[in-house]
Amino acid sequence: MKQISQRFSVTYHYAAYFTENLFSIENSLLANTIFSENLPAKCLFVVDSGVAEAWPQLTQAIRQHTNAHADKMHLTAILTTEGGENAKNNQQALHHILEAIHTYGICRHSYLIAIGGGAVLDMAGYAAAIAHRGVRHIRIPTTVLAQNDSGVGVKNSFNAFGKKNFLGTFQPPVAVINDSKFLETLSQRDWLSGISEAIKVALIKDATFFEQIEKDANALTARDSHAMQALIYRCAELHMEHIAQNGDPFERGSARPLDFGHWAAHKLESMSNYRIRHGEAVAIGIALDCLYTFYEGYLNAADLNRVIMLIKQLSLPLAIPELFRQTSANHYDVMSGIDEFREHLGGKLTITLIRSIGEGFEVHQINEASMQKAIDWLKQQSSEVLQNQP
Ligand SMILES: NC(=O)c1ccc[n+]([C@@H]2O[C@H](COP(=O)([O-])OP(=O)(O)OC[C@H]3O[C@@H](n4cnc5c(N)ncnc54)[C@H](O)[C@@H]3O)[C@@H](O)[C@H]2O)c1
Ligand SMILES: [Zn+2]
């Protein structure tokens with residue numbers, strides 16, 4: 001037998017920057033992230049339609065900004081693409097971006113700069129990752145969820161066959177630039193829904209952060225930008241630390257602790273035909289898994305109560321009617337989300353739960369009776385828990 005063995009590793013390095021008024025002429029942060037042997041580098045901008053509508057002067061600002069930094073950036077085009085989850089379902093929109101990469105001669109030393117919510121960033125990042133096997137990509141997240149979680153990570157994706165994130169790659173960005181100004185035009189719904197990811201990561205990793213969110217809950221709902229900036233920073237930091245330090249940035253193993261509360265969340269998003277936001281679905285998934293771990297005898301009643309109270313206080317949903325859908329007696333449809341979650345990850349079923357606030361742990365099977373009890377509890381309270389449903 002003959003064999004030629006290979007072993008190499010690739011080091012990635014990127015930063016998430018926090019700024020305000022990124023496209024003002026004086027702000028050179030974006031230009032400073034551009035490096036190439038052949039400057040100015042070609043830049044193709046992709047803008048979320050929700051952002052373009054809320055910031056009608058943005059296109060002009062990008063033009064002036066790239067003109068002012070013409071030594072670094074050569075603007076090829078600014079595309080607008082539909083915002084929201086449909087960005088990840090729309091094959092034509094994906095094709096349009098790939099076509100622009102082709103038309104404008106965007107190469108591996110050029111930049112695709114995406115500005116938008118998590119959905120547009122996932123989809124534009126996917127286009128950048130597959131064109132030429134990887135075009136440089138800068139993310140400019142414009143929602144709370146994208147600034148504190150989805151935009152600072154290494155994944156991009158596109159939905160297919162009715163399955164969320166069925167297509168996608170692990171491809172770290174060149175840089176992430178969070179501009180707090182963009183958050184001013186978010187609907188209250190999008191302002192609040194991203195907080196779920198902060199609750200999630202606090203529950204599995206950082207009890208002090210959870211306490212801080214409890215303290216800031218009223219300020220957050222009142223749109224206090226100082227409280228929100230602190231939340232986004234810590235949440236992004238915990239996510240980035242996890243990716244770099246947990247030893248599995250590209251999720252080769254079976255565990256995915258950052259997906260606490262997500263097996264139900266992903267299922268409910270698709271069961272609701274994406275009527276609910278990802279962050280809203282995560283709030284429900286967290287409530288459900290906390291009830292489950294309480295019934296399984298891990299989480300105590302006081303901690304469970306704190307989680308439920310916080311979700312309520314932030315006007316996030318605890319349930320939607322789809323959670324209670326049953327096609328056969330004693331079986332809630334949402335439960336098939338457990339197997340779909342395993343299938344997406346591959347390997348052994350691994351679900352992260354919490355033992356107490358700030359302490360995550362993993363299980364490899366779910367006791368269906370306890371999960372039914374958790375859903376039953378929410379159903380019994382449905383007149384109350386459905387109040388905040390989107
Ligand atoms: N890649 C990852 O690791 C990862 C992690 C978590 C979530 N996600 C994905 O992120 C997506 C959810 O992202 P999201 O919560 O940001 O929602 P979203 O991208 O669906 O955006 C919500 C709405 O806000 C609009 N919008 C965006 N920025 C705005 C602004 N500044 N002002 C006004 N309107 C604005 C959008 O047009 C859209 O209508 C989901 O598809 C989810 O699967 C990805
Ligand atoms: Zn999430």
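The first residue of the sequence shown is numbered 1, and numbering continues consecutively from there. Given the structure is predicted, the values throughout are model-derived calculations rather than measurements. Order of listing sets the numbers, starting from 1, for every ligand and every atom in it.
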(message) Could you check, using the six-membered ring where one of them is a Trp, whether His262 and His278 have ring centers closer than 6.0 angstrom?
(response) yes
(message) Under 4.0 Å, heavy-atom basis, I'd like to know which part of Lys155 is in contact with ligand 1: side chain, backbone, both or neither.
(response) both
(message) Could you check whether Glu296 and Asn367, counting side-chain N and O atoms only, form a donor-acceptor pair closer than 3.5 Å?
(response) yes
(request) Please check if the side chain of Arg234 supplies one atom and the backbone of Ala198 the other of a donor-acceptor pair under 3.5 Å. (result) no
(request) Could you label the plane-to-plane angle of the Phe182 and Trp55 rings as parallel, tilted or perpendicular, counting under 30° as parallel and over 60° as perpendicular? (result) perpendicular
(request) Can you list, by chain and residue number, the protein N, O or S atoms under 2.8 Å from the Zn ion (ligand 2)? (result) Glu197 OE2, His262 NE2, His278 NE2
(message) Heavy atoms only, cut-off 4.0 Å: how does Glu85 contact ligand 1, side chain, backbone, both, or neither?
(response) both
(message) If I apply the N/O under 3.5 Å rule, does Ser193 come out as touching ligand 1?
(response) no
(request) Verify whether the ring centers belonging to Phe166 and Phe158 lie closer than 6.0 Å. (result) no
(request) Check the side chains of Tyr298 and Arg355 for a donor-acceptor pair under 3.5 angstrom, ignoring hydrogens and angles. (result) no
(message) I need the nearest protein heavy-atom contact for atom 24 (O) of ligand 1: residue, atom name and distance, please.
(response) Asp190 OD2, 3.5 Å
(message) To the closest 0.5 Å, what do you measure between OG (Ser370) and CG (Leu291)?
(response) 11.0 Å
(message) Just to be sure I read this right, does ligand 1 sit under 4.0 Å from the backbone of Thr142, its side chain, both, or neither, counting only heavy atoms?
(response) both
(message) If I take atom CG from residue Asp216 and atom CG from residue Leu231, how far apart are they, to the nearest 0.5 angstrom?
(response) 8.0 Å
